[in-house]
Structures are given as structure tokens and as C-alpha cells.
Amino acid sequence: KLMIPSISDIVAKFRYAHRSVEDVRKAFKTYDRDGDGAIDRGELHKALTNYKFNFSDQEVDIIFAAGDIDNDGCVDFEEFMYLMCPSTAQIVKKFRDSYKTINEVKGAFRKYDKNRDGGLSKSELSRMMMSTGHSFTDMEIDAILNLGDRDGDGEIDLDEFMILMTPSASETLSKIRQGITSIADVKGLFKDIDVDGDGLLSKEEMLNSPGCKFDKEQIEAIYELGDSNGDEVLDMGEFIAIMYPAAGEALAKLCKNYPNIDEVELLFRKLDFDNDGSITKTELSEGSIRFTPQEVEAIFALGDINDDGALDLEEFIGVMYPSAATVAGRLRGQYTDINSVKKAFAKIDLDGDGKVTKEEVAKTDLFNNQEIDALFFLGDSNNDGEIDLEEFIGVLYPVVAAALAKMTKDVQSVDDARYLFKQLDHDGDGLLSQEELRKSGCKFSAKEIEALFAVGDVNGDGEIDINEFINVMCPGATTVIARISAQFKCLEDIQEEFKKMDLDGDGQITREEMMEYS
């Protein structure tokens, strides 16, 4: 009688070849031949039936069945980790159970991201894990780091951490999406919920709409992860992006091929075979320029505003070359906290002068041309062709910009800023800390304090001195000073200019002397 090896024996044989977490990560990348983030049955067969492993087809089937926990026909990285390091499942559960809500997860990330670079290093992650009251080995910490670090940069950013640590939200959205088979389903659902027909869904509207089939937990998950621009409502684009993410990805990929409005108009003419001034799904699907079914669905879902089954030129441009505000809204979805925005700015600011030009942004490949145009259209408030950190934050993280605007509205001059600083600096050390502001009973809210330090703490020492404070409260003044400073190349130039301004030669410059000189 043919002896069939036990499942545990076969899986154990496979595990034996991968001794460490790093071995497991490398193996996953090798087996995932098409790089789609999952290993299908065919990829595993090719990897394990070669001369190196020499598993039989039957043994590979057993290994695959053990790894494909959710029976979706492929093994993703988390499932692969559970297969190769079975204790990982318990480790992850133990860690996740320490945080019950999405806000707790975000709070923990910010607390342990000590250097505020927008990512958790292994040491920062280790401190966080140990703070839960459980003990973890170095290999277990490596396992969590590898599970969370989806882009392989050695750190876990907030997006990666949210996916790792909020299975309730991720799983909730995954369950919701299972009942949605097309963009048409999403669009119909949006219209059923949008009782006032304004094209926007508020949380209250979703909770009370007779057309909404989601419970409170599901609605919370949808808003936490779907409200990309932080305006507390979801438009059709955001709703489609969260409910049917493949459509948003397909559209973003497509738009990159047509970087300006002239190219979009030319494309429209090529697709409009019958020259009737509109494009149908048939024309898109059967034209000389091929679009995938997903791309066609995405274009019509977002573009066919009047639901007549065709797109006119204006609707087509609205999808392929959306307004700057729409582009900015999509960009904001990539930046979930202030530190990730500051990190992006630092990466772009190649010469470290605190300002970025379009050329600097283009060199980083962080944004396409359309996104760069939108960024500067909205952010370059003084039209000098450059964006400083505050302007950059204003576009990509408007919550902070709004807090700063509210904070600075009563500060009319540098003297006002100096007076306010002295009032807040209770210990008189010439420095303000977040803790000092919170305990002082000052008029600033927690969000305003966070905004002040996000923009003002230039040297990242956790405190704000008088110059940094003025820079935030009176940005116009520091901009003028920076422009004046740029005119002087050395100390001698400054000394010579001082002598010219000091009309009475007393070694001091008065306001009157400066005004007379100018």
C-alpha cells in the first residue's frame, strides 16, 4: 500500500530550508515570480519541484493547502510567514490585542516614533512591543517587522502599521468589498446612501440613511481609511477608492500616460470614432488605443456624471486631467500624518534650503507632472516658483494648515509674536516645549500645538525658540529676512551694508535710518 507522508512531515521538511525570518522573506520574493505580492499554486510548483528541493507534486499541493489559509487560491506574505514560522500567528495576535481602536494604534505609532521620521525602526518597534507587558524574542520582533514592512525599506511607516495592527478595520473593509463585484455596484451604493443628493457622504448621513447597509463599526472603518483629505465627508472618488481600490489604481496608472491637458484632448478625438462629441464604452473598449476593462469601468464611474452612458470632452478631461484640488485630494491619501509629509519634503529639498522648486520635486519621482502642477498651483501662494515647508504642509495636510491659520489670526506683527512668546514661556528659559504649552492653560488646542511644532521645530530638538516661533506666527517677516540674507555672499558684504545704513555712525541702526536708506 502506498504510504502518504503526513502533512506535518512535509511542511517541516519545507521549513527546515528556511532557518531565519530573513530567509523566509528572501524565499517569498524568489517564489513570487510575477511580483504581485502573493504566491499562486503554479509559482510554488515551479519553485519546489526543481533540483534544489525536489518535492513531488503531491507534496507541493499539501504545502500550498497548508499555506492558503483563506482559500483564495494564493499565499500572501502573512500566510507564508504563518506557514514557515507557525508561532508568528500567536505573536501577531498577542501584539494586535494590545490596541483595540484605530486611534490607539495611531497614538502608539506617534509615541514610539521617537525621531519623528514617520517610520518605526527595529529598536522603536521593540520598545513598543515590550511596552505591551508581553515578552518577545529578537526573532519574534523580526517577524513582526518583516510582516509590517511591505516596501522592504527596513522600517514600518504609518500606513504599513495601520494594515498590520488594525485587522478589524482591514478585515471589515475586506468583508465589505467581498459583496462588491464592480464599480457600478459602488456607484449605485453611493447614490442609495446620498439621500440629499449633494455628491458627498457625511458619517451622520451614512448612519441614518435607509439606503446604507453598513453597521457603525463598518462606517467607522470606511471613514478612518477612506477620508483621504480629512474633510469628514466622502466624495464619489474617495468612496470608489476605498470600496473598489483596483479602480483607483488603474486610473492613476492610466493618467500617468497623459500628463497634460493637450494630450488628453488629442486622446479624446482619437477615441471619438463617429465624431459625435462623446465617447461610449464600446469606443473605449474597441479603439486602437486599448484600455483594460478595469480602466474603462473606472473612467465611466468617475466621469459619466449625468449617467447617459457616454462621456463628453469636459467629463473626459475631468477624469483624465482632474482639477488641482482633486489631484491634491488623491495625494493626501498617501500622507496620513504630519511626519510623513515632513519626511517627503526633506527628501525633495535636495539642496537643504528649506524651499523646493518644481525641478527638485521632479527629480525625486515622488509625484507625476500632473501632481507637481497641482502641488504648486495650490501651494505656491506668493507665486515665487518655490514652496516652503509650511506651504507644502498646507496642500498635503490641510488640517495642520487650518490650525495654523486659526492660531496666527490675532498676531499682526513681530512685536505681537514676541509678546505672546514671553507669555507662554513660563519658566523663562527662552524655549517652548509641547508639555509646557499644554500645562500652561494657553488658548491653543492640542491640534494647534501639534501644528506649531510640526512647522516650527526646524531643528527637531522638541522645543521652539523665539526665532522658530516668529517663523510660524509671522511667516512673512522671516521670508523677507531670508530674501535679504540671500543678497549677501560674505560677512564683509554685510558689514559694508551696515556702515551705509548707519548714517550717524553711532554703531546702531534705527528704524528711521533704515527707512531713509531704502
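Numbers here are sequence positions counted from 1.
Salt bridge annotation for K187-D192: absent, with no cationic side-chain nitrogen under 4.0 angstrom from a carboxylate oxygen. K343 and E155 are joined by a salt bridge, as a carboxylate oxygen and a charged side-chain nitrogen come within less than 4.0 angstrom of each other.
What you find for D40 and F64 is that their closest heavy atoms are C-CE1, 3.5 Å. Pairing each heavy atom of K347 with each of L350, the nearest pair is O-CD2, 3.6 Å. The two residues V24 and M81 make their nearest non-hydrogen contact at CG1-SD, 3.6 Å.
With hydrogens and angles ignored, the 3.5 Å screen pairs a side-chain donor or acceptor of E205 with a backbone N or O of V195. Not a single donor-acceptor pair under 3.5 Å links the side chain of D312 to the backbone N or O of S278.
Using bins of under 30°, 30° to 60° and over 60° for the plane-to-plane angle, the ring pair F109/F161 lands in the tilted bin. A tilted orientation is assigned to the rings of F316 and F268, their planes being inclined by 30° to 60°.
Between the CD1 atom of I69 and the CG atom of L83 there is a distance of 8.0 Å, given to the nearest 0.5 Å. Atoms CG and SG, from D194 and C212 in turn, are 11.5 Å apart once rounded to the nearest 0.5 Å. The distance from the CE atom of M128 to the CD1 atom of I144 is 11.0 Å, given to the nearest 0.5 Å. Atom CG of residue L396 and atom CG of residue L375 lie 5.5 Å apart, to the nearest 0.5 angstrom.
Counting only heavy atoms from C-beta outward, the side chains of E220 and K203 approach each other to under 4.5 Å. Taking the side chain as every heavy atom from C-beta outward, F95 and L125 approach each other to under 4.5 Å. Within the 4.5 Å cutoff, the side chain of D349 has no heavy atoms near those of the K355 side chain. Looking at heavy atoms from C-beta onward, F136 lies out of side-chain contact with S126 at the 4.5 angstrom threshold. Side-chain contact between I222 and L234 is present, with at least one heavy-atom pair separated by less than 4.5 Å. At least one side-chain heavy atom of Y31 sits under 4.5 Å from a side-chain heavy atom of L48. Side-chain contact between F453 and Q434 is present, with heavy atoms from C-beta onward closer than 4.5 Å. Under the 4.5 Å side-chain criterion, counting only non-hydrogen atoms from C-beta, F214 is not in contact with L207.
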Problem set entry | Residues D61, R41; criterion salt bridge (charged side-chain N to carboxylate O under 4.0 Å, His left out); working and verdict | CA-CA 8 Å; D61 285 341; R41 191 182 297 271; 3.2 Å; yes

